[in-house]
Amino acid sequence: MRTCFSRTFLFMLAGPLIWAAHLLFIYSVHGTVCARPAWHGAWAGIPAPLVILIAGLLALATMAAVYLRLHKHMPRVATARFIPWLAGALNLLSAVAIVWESLAVLLVPACG
């Protein structure tokens with residue numbers, strides 16, 4: 001099987017890329033809510049903490065879907081299990097970061 005560098009590279013970095021997009025989104029939501037006191041209770045009709053928690057769940061689900069979808073299609077190289085292991089480890093680390101960021105919404109008051 002011919003290896004595709006870009007597909008393998010994106011498979012390995014899918015978790016950190018999804019985490020970065022999640023971080024950018026929640027900081028944007030939080031910054032907008034804090035900059036506009038009238039939006040403190042709701043953002044687009046939904047409370048801001050709920051928006052951030054939903055974004056966290058969607059990020060985790062997306063990471064799991066990408067990993068499970070691409071795990072079986074990775075090229076077999078000399079170290080056949082290294083690439084899926086590395087992608088899984090980066091996904092797990094990114095998932096811990098997403099949970100940590102999302103839990104802050106429940107523990108720390110917004111715009112304090």
Side-chain angles (χ1 to χ4, degrees):
M1 174 182 235
R2 198 177 130 213
T3 61
C4 178
F5 175 76
S6 60
R7 185 176 194 167
T8 304
F9 191 67
L10 286 176
F11 170 65
M12 288 190 308
L13 291 181
L17 290 173
I18 292 169
W19 164 77
H22 173 263
L23 182 70
L24 178 66
F25 177 76
I26 66 169
Y27 270 83
S28 299
V29 168
H30 187 74
T32 303
V33 168
C34 288
R36 305 279 185 216
W39 293 357
H40 188 68
W43 189 75
I46 303 170
L50 185 60
V51 169
I52 292 173
L53 290 176
I54 290 171
L57 291 175
L58 285 174
L60 291 173
T62 303
M63 278 195 318
V66 167
Y67 182 77
L68 292 175
R69 168 96 167 93
L70 294 178
H71 179 28
K72 306 236 186 280
H73 301 294
M74 279 298 101
R76 298 297 172 213
V77 292
T79 53
R81 295 184 336 194
F82 178 71
I83 292 174
W85 178 86
L86 180 62
L90 288 173
N91 273 339
L92 186 61
L93 183 62
S94 299
V96 168
I98 288 172
V99 169
W100 185 259
E101 293 164 354
S102 298
L103 282 179
V105 170
L106 301 174
L107 301 174
V108 179
C111 308

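Position 1 is the first residue of the sequence; numbering continues from there.
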Asker: Does the side chain of Ile54 come within less than 4.5 Å of Val51's, by heavy atoms?
Answerer: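 Side-chain contact under 4.5 Å: no.
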Asker: Linking I/L/V/M/F/W/Y whenever any side-chain heavy atoms sit under 4.5 Å apart, do Trp100 and Met63 land together?
Answerer: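 No, Trp100 and Met63 fall in different hydrophobic clusters.
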Asker: Same cluster or not: are Tyr67 and Leu57 linked, directly or through other Ile, Leu, Val, Met, Phe, Trp or Tyr residues, by side-chain heavy atoms under 4.5 angstrom apart?
Answerer: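 Different clusters.
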Asker: Can you confirm whether His22 sits close enough to Phe25 that some side-chain heavy atom of one is under 4.5 Å from a side-chain heavy atom of the other?
Answerer: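 A side-chain contact is absent here, since even the closest heavy-atom pair is not under 4.5 Å.
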Asker: Calculate, to the nearest 0.5 Å, the distance between atoms CG and CD1 belonging to Leu13 and Ile18 respectively.
Answerer: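 It is 11.0 Å, given to the nearest 0.5 Å.
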Asker: Under 4.5 Å between side-chain heavy atoms, counting indirect links through other Ile/Leu/Val/Met/Phe/Trp/Tyr residues: same cluster for Val66 and Leu68 or not?
Answerer: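 Yes, Val66 connects to Leu68 through the hydrophobic network.
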Asker: Can you confirm whether Val33 sits close enough to His30 that some side-chain heavy atom of one is under 4.5 Å from a side-chain heavy atom of the other?
Answerer: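 No. Closest side-chain heavy atoms not under 4.5 Å.
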Asker: Which atom names give the shortest non-hydrogen contact between Ile52 and Ser102, and what distance separates them?
Answerer: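 So the minimum-distance heavy-atom pair works out to O-OG, 4.2 Å.
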Asker: Can you tell if the side chain of Leu10 reaches within under 4.5 Å of the side chain of Leu17, non-hydrogen atoms only?
Answerer: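 Yes - at least one pair of side-chain heavy atoms lies under 4.5 Å apart.
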Asker: Only pairs under 3.5 Å count here: list side-chain donor-acceptor contacts from residues 90-98, not counting sequence neighbours, and write none if there are none.
Answerer:
unit_1: Asn91; atom_1: OD1; unit_2: Gly15; atom_2: N; d: 3.1
unit_1: Ser94; atom_1: OG; unit_2: Gly15; atom_2: O; d: 3.3
unit_1: Ser94; atom_1: OG; unit_2: Leu90; atom_2: O; d: 2.9

Asker: Leu53 and Leu24: same hydrophobic cluster, using ILVMFWY side-chain contacts below 4.5 Å?
Answerer: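 Cluster IDs for Leu53 and Leu24 differ.
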Asker: Return the minimal non-hydrogen interatomic distance between Phe11 and Ala87, and the atom names on each side.
Answerer: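 Result for this residue pair: CE2-CB, 3.4 Å.
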Asker: Hey, does Glu101 have a side-chain heavy atom less than 4.5 Å from the side chain of Trp19?
Answerer: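 Side-chain contact under 4.5 Å: yes.
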